[in-house]
Amino acid sequence: MTKVFKTTLALLLVASIILAMTGCSEGKPTLKVYNWGDYIDESVLVEFEEEYGIRVIYDTYATNEDMYIKIKAGGSDYDVAFPSDYMIERMIKEDLLHEIDFNNIPNFKYISEEFKNLDYDSSNNYSVPYMWGTVGIIYNTTMVDDTVDSWDILWNEKYANQILMLDSQRDSIGITLKKLGYSLNTRDVNELEAVKDELIKQKPLVLAYVGDDVKDKMISEEAAMAVVWSGDAVYMKWQNPNLEYAIPKEGSNLWFDAMVIPKTSKNKENAELFINFMTSTDIAFKNTDYIGYSTPHVEARKLLDDELINDKTAYPSSEDLANCEVFKDLSDFLTEYDRVWTEVKAR
Amino acid sequence: MKENRVVAPYLIWMTIFIVLPIILVIFFGVTIRTESGLQLSLDNFKRFFEPIYLMVLWRSIRLALISTVICLILGYPMAMILASNGLKMKNTLVLLFIIPMWMNFLLRTYAWMTLLERGGIINTILNFLKLPSLNILYTEQAVILGMVYNFLPFMVLPIYSVLIKIDKSLLEAAEDLGADSITVFRKVTFPLSISGVISGITMVFMPAVTTFVISRLLGGGQFTLIGNLIEQQFLFVGDWSFGSAISIVMMILILVSMGFMSKYEKENEGAGLW
């Protein structure tokens with residue numbers, strides 16, 4: 001049994017005790033939070049409940065698309081969600097988000113200027129940055145003796161059945177576009193067809209298409225390399241020192257996750273209260289310290305261990321990011337991406 | 001009149017939770033979203049009959065058939081052992097067989113993942129015995145193993161319940177008339193248990209052909225089955241029309257095979273599932 005599994009079990013236990021305890025306090029206002037799996041120090045939820053007397057109902061999702069479809073389909077009533085850049089852009093376009101009243105988010109001042117007014121929310125009315133990072137390759141130095149500096153290594157037959165890919169269409173298609181030298185926001189069907197062929201060619205080499213379980217697999221050395229988000233890479237390196245992370249030279253995806261208030265929210269003010277709470281220095285620090293992702297919070301970053309502050313995985317240099325691109329919303333063209341991914345997976 | 005009042009709640013329940021959803025699925029299946037709103041179209045079905053999706057369908061049927069056959073081969077002798085008279089610990093055995101079913105099937109499938117991993121328990125034992133490692137997690141065999149493991153009880157129990165009801169005097173009569181044990185089995189036991197076998201086949205084949213969890217967990221997302229395709233369309237892609245069309249094809253397939261089964265069963269006058 002891996003450590004991760006044990007901690008998860010412990011967390012589940014704690015969470016269920018919390019649920020059981022708060023379960024009896026009826027009539028309390030509730031707040032429904034919809035976040036990525038493994039993306040928060042869950043103890044801060046308890047702190048929030050104690051401080052404001054608001055019961056938190058916490059759900060998780062595995063991909064942006066997953067979250068989007070649940071909110072878009074209706075029937076849910078989430079107050080806070082944590083989508084990425086391109087998904088925020090899409091949700092703004094489709095009028096799925098409330099404008100945030102920044103008077104209620106005084107802690108917004110702690111967010112570094114370079115993370116405000118980014119393209120996906122250019123006048124910053126809808127989102128408060130939560131974490132950021134890159135997509136790259138994590139590899140086990142005892143199992144890989146080639147230099148890992150290119151996406152090509154994921155197509156190297158030497159590592160057949162030792163490669164883990166992300167079960168997330170924008171990411172997997174995105175890195176293949178980069179490998180072929182295209183933009184990861186391409187709207188060219190021919191380029192996508194080329195990507196499809198590449199991914200189908202790669203399929204026999206792939207051990208599995210995974211989500212969050214990639215962490216357990218890499219830590220317990222079930223595979224030699226995997227495509228991962230940088231923050232997860234930081235965590236995996238903590239757990240297994242044989243692991244190393246690289247951003248391929250062809251460039252990759254630079255991403256930002258931010259907190260938003262979906263239109264499904266019934267109590268926007270409580271949602272703002274929660275976002276402000278999450279942006280306070282000690283809570284932002286706790287989350288960053290716990291999950292290992294890169295924080296846009298100036299004060300929280302100062303509190304981190306030197307080791308983490310200087311870790312190029314979490315805080316890459318501008319050269320590393322030279323060829324990186326941020327995902328853009330593709331609107332209608334997305335159906336082409338859907339089709340390509342469906343066909344790759346069905347093969 | 002009285003009867004109607006008793007039936008009413010069930011009718012309402014069935015309308016809301018069975019009839020309406022099916023109408024919705026059919027509605028989504030025959031429409032496509034265009035810029036000018038929803039439009040009636042059979043494009044979704046046409047798309048399904050592209051070779052790549054037919055391959056998925058074929059893969060689902062093939063894996064489900066293999067699992068069903070393995071379940072039958074393993075399950076029939078098991079049912080016979082359970083039903084045999086001389087066994088003292090019969091009740092204990094039946095209980096042992098049922099106990100795992102009390103646990104959620106998702107958990108049991110996750111457990112197989114830790115068993116089958118490269119550094120998992122099975123390989124640790126193999127390595128300890130100086131035997132070569134077994135790399136079967138994320139292969140087709142792992143998916144079949146998962147199906148057989150999860151659905152085997154559905155094969156054993158119907159056969160078992162038919163076998164224990166067989167009148168023992170028939171077997172004795174056959175023996176008295178000079179049949180050896182193989183002939184008894186071939187001419188008496190097996191024909192009498194055919195209804196159980198058919199129920200078993202149906203109860204294993206249906207969930208196996210529609211599963212998506214087993215293929216995702218033990219197949220590592222590499223072996224897309226029809227269930228995965230439907231799940232993907234609804235949860236990740238958001239193409240409800242295509243997802244619905246696949247579901248309809250699936251439903252027709254199941255209806256046809258059920259019709260086939262029940263016809264066969266009637267001919268054999270069994271006391272089966274339906």
Salt bridge A:Glu221-B:Arg118, side-chain N to carboxylate O under 4.0 Å: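 Not counted as a salt bridge, because no side-chain N and carboxylate O are separated by less than 4.0 Å.
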Pairwise side-chain contact, A:Thr342 with B:Tyr53, heavy-atom cut-off 4.5 Å (strictly under):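 Counting from C-beta outward, A:Thr342 and B:Tyr53 do come under 4.5 Å.
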Pairwise side-chain contact, A:Lys217 with B:Leu137, heavy-atom cut-off 4.5 Å (strictly under):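 Yes, their side chains come closer than 4.5 Å.
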Side chain, backbone, both or neither of B:Gln232 within contact of chain A (heavy atoms, under 4.5 Å):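 Only the side chain of B:Gln232 comes within 4.5 Å of chain A.
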Quick check for you: to the nearest 0.5 Å, what is the distance between [X] atom [atom1] and [Y] atom [atom2]?
{"X": "A:Arg339", "Y": "B:Asp239", "atom1": "CZ", "atom2": "CG", "value": "12.5 Å"}
{"X": "B:Thr224", "Y": "A:Lys345", "atom1": "OG1", "atom2": "NZ", "value": "5.5 Å"}
{"X": "B:Met113", "Y": "A:Asp216", "atom1": "CE", "atom2": "CG", "value": "9.0 Å"}

What part of [X] lies closer than 4.5 angstrom to a heavy atom of chain B: side chain, backbone, both or neither?
{"X": "A:Lys72", "answer": "neither"}
{"X": "A:Asn64", "answer": "neither"}
{"X": "A:Ile69", "answer": "side chain"}

Just checking [X]: does its [atom1] atom have more than 12 heavy atoms from other residues, nucleotides or ligands closer to it than 6.0 angstrom?
{"X": "A:Asp332", "atom1": "CG", "value": "no"}
{"X": "B:Trp58", "atom1": "CH2", "value": "no"}
{"X": "B:Met55", "atom1": "CE", "value": "yes"}
{"X": "B:Phe97", "atom1": "CZ", "value": "yes"}

Check: A:Tyr209 main-chain N/O paired with B:Gln222 side-chain donor or acceptor under 3.5 Å: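 No, the answer is negative, given that no donor and acceptor are paired below the 3.5 Å cut-off.
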Donor-acceptor contact present, side-chain A:Glu222 to main-chain B:Gly119, <3.5 Å: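 Answer holds: yes.
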Residue among A:Thr63, A:Asp167, A:Leu207 with most heavy-atom pairs under 4.5 Å to chain B: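 Option with the greatest count: A:Leu207.
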Between A:Met67, A:Gln169, A:Glu65, A:Met165, the one whose heavy-atom pairs under 4.5 Å with chain B are most numerous: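 Of A:Met67, A:Gln169, A:Glu65, A:Met165, A:Glu65 has the most heavy-atom pairs under 4.5 Å with chain B.
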Heavy-atom closest contact (A:Ala73 atom, B:Trp240 atom, distance):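 Here A:Ala73 and B:Trp240 meet closest at CB-CZ2, 4.0 Å.
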